[in-house]
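These notes are about the structure you will find just below.
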Amino acid sequence: MNTLELKSAYEAAYHKSATAIYFAPGRVNLIGEHTDYNGGFVFPCALSFGTYLLVAPNDEQKINFRSLNVEAVYSLELSQLTTPLPDKAWANYPIGVFAQFIKRGVVIEQGYDILFWGNVPAGAGLSSSAAMEVVTAYALNELLGTGFDRTELAKIGQKAEHEYAGVMCGIMDQFASSHGKQDHAIYLNCDTLAFDLVPVKLEGIKVVVSNTHSPHHLDSGAYNDRVRQCRLAVEQLAALRPIKYLAELSQADFEQVEHAITDEVAHRRARHVVGEVQRTKDAVEALQQGDIEQFGVLMNQSHISLRDDYEVTGPELDALAEAAWKVEGVLGSRMTGGGFGGCTVSLVREEAIPTFIEQVGKEYTEKTGLKADFYIAEIGNGAHRVE
Ligand code: GLA
């Protein structure tokens, strides 16, 4: 939908015009997976698709939430913004953001009529929920004149996810949605939140996102289990090395102390995290030196570690990655995001893209009975006002 269509959809829903339109993007992570809540590095970029929010004030002292993607409509009194709705209501994402503003001492005295529309493929692990949280935070920050910076808006989105969706996620998705920059990836230290924007304009190479359309998604249970297993590893290391996060250990440090992690599962999770942090640093260095081949090799290693040690890939993501590795002109391919279902990200030479889509699509369907979808990613900007 373009802006004009969105505006008339708003008029049809609320019988008045929107006074502002905001946008926040989804993201694709190039490397650095399941490192964010372990204090490590990530390397995501914002996509050109995301979530739009149209808004106008009302005189009702109510916040009305509608979405063009889902039917359920919610209308809340200003006093109801600090309690999650039951039954996994979609409006918990924006309500969770309102609640975070209120927690920060912001007084909301005005009602608003809000309409969302998102074009991030649903359930694809490309952070449609982060886009909804960040667009809400960005809009509220402007409407209420609260003056939070982009990092604070990302933290607000992350807390909304923890408290209103029950996923104990790291900061990567909301940070990318908030800070993204066209044709750049964000090299983020998730401990300090210091970051560099690294240009990703690759001569003759495209970032291809392949969607498994798999019915298995990383539910909050499997995700939160990984978070707990990493904490257990930190606890078991405490006697030898008192650290806050696994990412504080270099590969060499880890080899000296890993025997202290007696829980076999936690040990493998920790091995992934330490290796992935190193791979992310190496990958960014390779990219900066123009060694895109090496970047691709590290992407493949990342997938293998996520498959064998972190166990978040599953047959569909493995089928897509393994099919991609065989295609000439593919520099690297790996799962991206939380895992299980969702997408892979691949670096593919432009001339190889038609063969890539054909061969990977065919092999994927043969192995899984499902049909994959392919998008050439455009790296877009972070949250902003459209109009
Ligand atoms: C999900 C979470 C992120 C991050 C990734 C895995 O997308 O929301 O915080 O942990 O999984 O890297």
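Only this structure's heavy atoms are used, side chains among them; waters, hydrogens and symmetry mates stay out. Order of appearance sets the numbers: ligands from 1, and atoms from 1 within every ligand.
Lys362 meets the side chain to side chain contact (heavy atoms under 4.5 Å, CB included) test with Glu366; sequence neighbours excluded. A search for side chain to side chain contact (heavy atoms under 4.5 Å, CB included) contacts involving Ile376 returns Lys206, Ile353, not counting sequence neighbours.
Residue Tyr223 approaches ligand 1 through these ligand atoms, each under 4.0 Å from one of its heavy atoms: 1 (C), 2 (C), 3 (C), 4 (C), 9 (O), 10 (O), 11 (O). Set against the non-hydrogen atoms of Asp36, the atoms of ligand 1 under 4.0 Å away are 3 (C), 4 (C), 9 (O), 10 (O). Of all atoms in ligand 1, numbered sequentially from 1 with element shown, those under 4.0 Å from a heavy atom of Met172 are 4 (C), 5 (C), 12 (O). Per-residue contacts place Tyr37 under 4.0 angstrom from the following atoms of ligand 1 (heavy atoms of the residue considered): 10 (O). Atom numbering of ligand 1 starts at 1 in the shown order; those under 4.0 Å from a heavy atom of Gly170 are 9 (O). Listed by atom number, the atoms of ligand 1 under 4.0 Å from Arg27 heavy atoms are 7 (O).
An N or O contact shorter than 3.5 Å links Asp173 to ligand 1 by distance.
The closest approach between Gln174 and ligand 1 stays at or above 4.0 Å for every heavy atom of the residue.
Screening Phe175, Tyr187, Phe195 against Phe41 for a ring pair (Phe, Tyr, Trp, His ring centres under 6.0 Å) leaves a single residue, Tyr187. Of the residues listed (Gln256, His259, Glu258), the one engaging Leu240 in a side-chain contact (heavy atoms from CB on, under 4.5 Å) is His259, and it is the only one.
Here the shortest heavy-atom pairing between Phe340 and Glu311 reads CZ-O, 3.6 Å.
For CD of Glu363, the number of neighbouring non-hydrogen atoms (other residues, nucleotides, ligands) closer than 6.0 Å is greater than 12.
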